[in-house]
Amino acid sequence: MEKLEQLYEGKAKKVYRTNDPSTFWVYYKDSATAFNAQKKGEIEGKGVLNNLISAHFFAVLAEQGIENHFIKVISPCEMLVKKLEIVKVEVIIRNIVAGSMSKRLGVAEGTVLPTPVLEYSYKDDELGDPLINDYHIQALGLATPAEMRTIADMSFRINDILSKYMRGLNVLLVDFKLEFGRCNGRIILGDEISPDTCRFWDATTMEKLDKDRFRRDLGGVAEAYREIFNRLTGGETHVES
Ligand code: TMP
């Protein structure tokens with residue numbers, strides 16, 4: 001597989017074309033942003049950790065029948081993925097109140113929700129990814145009702161699978177963000193699943209093991225990402241390419 005020109009550079013990843021038109025090459029950067037890029041920094045080793053953590057989660061989900069874009073890891077900070085036509089809707093699932101839900105609704109962070117909450121936001125950095133609902137999605141033509149039923153069903157299944165899986169590693173899956181795309185007429189999971197896009201709390205100490213350490217200047221950012229990686233994989237970063 002050959003890496004061709006860069007198609008896109010986001011806040012945490014770069015995407016390249018390859019000599020296979022159905023395959024993209026993703027490079028995970030060490031850069032981190034928060035609050036719609038008002039806060040910027042570098043987390044040493046984040047690119048490698050998020051690439052390998054995402055690869056691990058995508059493999060776990062594929063085994064459980066959740067179709068996703070991951071093909072294979074090709075270097076410590078790079079993976080091959082299927083080309084998707086991205087649906088411009090971000091899906092957030094919350095099991096425990098934190099972050100923007102706590103602020104917006106005045107519910108204390110750490111409140112356990114009796115049923116998971118699903119939120120959508122419009123994937124548009126310039127607008128700061130505003131919250132939207134099914135009616136906006138239909139009216140703006142972002143996805144069809146059938147596509148959104150698939151996306152919601154898949155998101156709740158992913159929540160069940162990953163919540164149980166993380167509980168087995170003594171980690172609470174507090175909330176997370178997913179993105180989906182179209183591939184050969186099917187909806188499949190895309191983007192990444194990492195401490196950038198999930199909140200993980202140690203189930204015993206409630207210590208934050210995710211990007212909130214960066215957002216809130218708590219220190220120990222890289223160590224938290226490394227801890228999640230170690231619990232998932234036993235800590236092996238060697239990659240066969
Ligand atoms: P929030 O509480 O700030 O809305 O975040 C909810 C979840 O979504 C949290 O796990 C972090 C993730 N997230 C992203 O992946 N990208 C983003 O741009 C934001 C704001 C949140």
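Atom set for the values below is all heavy atoms of this structure, side chains included, hydrogens, waters and symmetry mates excluded. All values reported here derive from a predicted model rather than from experimental measurement. Atoms within a ligand are numbered from 1 in the order they appear, just like the ligands themselves.
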Starting from [atom], find the nearest protein heavy-atom neighbour and note its residue, name and distance.
| atom | value |
| --- | --- |
| atom 18 (O) of ligand 1 | D129 OD2, 4.0 Å |
| atom 4 (O) of ligand 1 | S100 OG, 2.6 Å |
| atom 3 (O) of ligand 1 | R199 NH2, 3.7 Å |
| atom 7 (C) of ligand 1 | D175 OD1, 3.6 Å |

Note: heavy atom closest to atom 8 (O) of ligand 1, options K123, M101, K177, belongs to K177

Once you restrict to heavy atoms under 4.0 Å, what part of C198 touches ligand 1? Side chain, backbone, both or neither. backbone

Distance below 4.0 Å between atom 12 (C) of ligand 1 and any protein heavy atom? yes

Check for me, please, whether V91 and V174 land in the same ILVMFWY cluster - side-chain distances under 4.5 Å, paths through other members count. no

Given the options I66, I193, I161, V60 meets side chain to side chain contact (heavy atoms under 4.5 Å, CB included) only with I161

Any nitrogen or oxygen of R94 lying under 3.5 Å from a nitrogen or oxygen in ligand 1? Just yes or no. yes

Tell me whether R215 has any N or O atom under 3.5 angstrom from an N or O of ligand 1. no

Given the side-chain rings of H69 and F58, with only the six-membered ring counted for Trp, is the space between their centroids under 6.0 Å? yes

